[in-house]
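A quick write-up on the structure given underneath.
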Protein chains: 2
Amino acid sequence: MNTELPKTVSEPTLKRLPLYHHFLKELLQREQEAVSCTDIGEELNLDPTQVRKDLEAAGISGRPRIGYATAAVVDGIERFLGWKKVSEAFLVGAGSMGSALLGYRKFEECGLKIVAAFDRDPAKVGRKIHGKHVLALDKLTDLAQRMHVLIGIITVPAVEAQAVADALVAGGVRAIWNFAPVRLRVPEHIIVHNEDLYCSLASLSQKLGQALEANPAEPVTARRLRTATLS
Amino acid sequence: MNTELPKTVSEPTLKRLPLYHHFLKELLQREQEAVSCTDIGEELNLDPTQVRKDLEAAGISGRPRIGYATAAVVDGIERFLGWKKVSEAFLVGAGSMGSALLGYRKFEECGLKIVAAFDRDPAKVGRKIHGKHVLALDKLTDLAQRMHVLIGIITVPAVEAQAVADALVAGGVRAIWNFAPVRLRVPEHIIVHNEDLYCSLASLSQKLGQALEANPAEPVTARRLRTATLS
DNA sequence: TATGTATCGAGAATAATATATTGATATATA
DNA sequence: TATATATCAATATATTATTCTCGATACATA
């Protein structure tokens, strides 16, 4: 296995790696020890070559005729994505979205441990949500500094997001996961990821609109699927 | 204004349009009637040419030396993205993420009206969340068909997502907004948008890991910002 | 009226990404 | 041992997205 990692990996690749990870973990449970790009590609509707390129970018190599060792790929992806060493995060904004994220247990498997939540609302401060303490917002910068927290998650309304980002940066946070529909202004070395649901919705509804225009009354009846039963 | 719309618009463009929309709405409130690509680009940290191209793709044109008429751009984006005509949606999975989405009032401004939620859990069925009824999952296909609902939002656990998708498709749904961390298998004409938080998290933590490796102890103290006050 | 300037618009050049092609390698089988 | 085959690896091509360049236009000002 090649341990040399390329300096930069493209965003699309980065977002596909968790898909492979998820699928391969399933295979591991079924005790399938090796897997080919072709198999992965078929399962996930991706080009096999692309899968191979992505794995290569993550520093993972396989063997001709054999494929990739499932466990090694899972391990390699986790290592490459930094899921091995858990980093602590603060979540700011204990509204509905914030609460939902606090309840996501699986984040910890991906190396993200939300250690505390912050909110402006005194009614929420002091309570616990999904087992995480909700603290007063004015403690944010100071605590981030003292606890050396490196990741901040912003789930406050748009108008407050910039101020929260400033507070996080002042506290030494290096990466921000922003759920507010605004572009944050931060120093260059801070990593910001925007999770803007309105943007996603936009592309969805635009495509739907076009599809409907092209084909208003889709003949779904012809290919009616069974009524699904939920296991 | 050019009313000819190109057949396909790139995904990145589609995701930038809401940003412009948001910013321009602010300008509208300040009664700024015209705006240039340069201004938009500076505000959102984007290349002015790209802004121009995006607006062009949405069928919006401006005037040299003047810029774009703010109101016309806002209107044009809304029209192009299909926000003008509201479509109804079903949300499946009234867990924490589902509840959060049910509370997003602003979706309606973007043309998305969630009319009902569905859940497998009998304890949730019959109750209301954020004013929306929670119905039994086995009613999903039938109701989607009878109400001609075209959009489905999936916020169930990964293992149940495919079955829910099947049920939605059987009910005639044309677009699916999928929050479960799986790739759904659907007929070709169905539009699927994956909102996979684990994927986003992956790229965030990978970048953070690289940044920390390159520069473990960032000298943030030098450029310490003020402790932000939240208005 | 003439000139300067800020802006849009369109097309070309560059960069990024995805796909296709070819070659190398390890295993299985005859 | 020789051959066939499935697979990875590396390179080349095609596609897409972004950025750059230049010309056209409309207003401001002298």
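Each chain gets a letter, A, B and so on, in the order its sequence line appears, and its residues count up from 1.
Residues passing the side chain to side chain donor-acceptor pair (under 3.5 Å) test with B:Ser10 are B:Thr13, sequence neighbours excluded. Partners of B:Asp47 under the side chain to side chain donor-acceptor pair (under 3.5 Å) rule, at least two apart in sequence or in another chain, are B:Thr49. Take A:Tyr68 and apply the ring-ring contact (aromatic ring centres under 6.0 Å, His included) test, not counting sequence neighbours, and it matches no residue. B:Glu11 pairs by the side chain to side chain contact (heavy atoms under 4.5 Å, CB included) definition with A:Ser203, A:Lys207, B:Lys15, B:His193, not counting sequence neighbours. Taking the side chain to side chain contact (heavy atoms under 4.5 Å, CB included) definition, one finds that B:Asn194 meets it with B:Asn178, B:Arg183, B:Val192, sequence neighbours left out. B:Arg30 pairs by the side chain to side chain contact (heavy atoms under 4.5 Å, CB included) definition with B:Glu26, B:Leu27, not counting sequence neighbours. Residues satisfying the side chain to side chain contact (heavy atoms under 4.5 Å, CB included) test with B:Val115, not counting sequence neighbours, are B:Glu88, B:Phe90, B:Lys113, B:Met147, B:Val149.
The distance from atom CD of A:Glu11 to atom P of C:dA18 is 11 Å, rounded to the nearest whole Å. In this structure, the CG atom of A:Asp54 is 13 Å from the C1' atom of C:dT19, given to the nearest Å. Distance CG (B:Asp47) to P (C:dC8): 12 Å, rounded to an integer number of Å. Across the protein-nucleic acid pair, B:Ile60 atom CD1 and C:dC8 atom C1' stand 14 Å apart, rounded to whole Å. A:Leu14 has its CG atom 17 Å from the C1' atom of C:dA18, to the nearest Å.
At D:dA9, one or more side-chain N or O atoms of A:Tyr68 fall inside 4.0 Å of OP1 or OP2 (strictly under the cut-off).
A:Thr70 and A:Gln32 share no donor-acceptor pair across their side chains, judged by distance under 3.5 Å alone.
For A:Leu17 against A:Asp54, the heavy-atom pair with the smallest separation is CD2-O, 4.1 Å.
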Quiz item: What does nucleotides 22-29 of chain D look like as a protein-contact string, B for base, S for sugar-phosphate only, - for none, at under 4.0 angstrom between heavy atoms?
Solution: ---BBB--
Polar atom pairs between nucleotides 11-16 of chain C and protein, under 3.5 Å, N or O only, would you list them?
residue : atom : partner : partner atom : Å
C:dG11  : O6   : B:Lys53 : NZ           : 3.1

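The list of ring-ring contact (aromatic ring centres under 6.0 Å, His included) pairs with a residue in residues 156-182 of chain B, not counting sequence neighbours, reads B:Phe107-B:Trp177, B:Trp177-B:Phe179.
Looking at residues 22-44 of chain B, you'll see that no heavy atom sits under 4.0 Å from any atom of DNA chain D.
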Donor-acceptor pairs under 3.5 angstrom involving side-chain atoms of residues 150-158 of chain B: please list them, not counting sequence neighbours.
residue  : atom : partner : partner atom : Å
B:Thr155 : OG1  : B:Val92 : O            : 3.0
B:Thr155 : OG1  : B:Gly93 : O            : 2.6

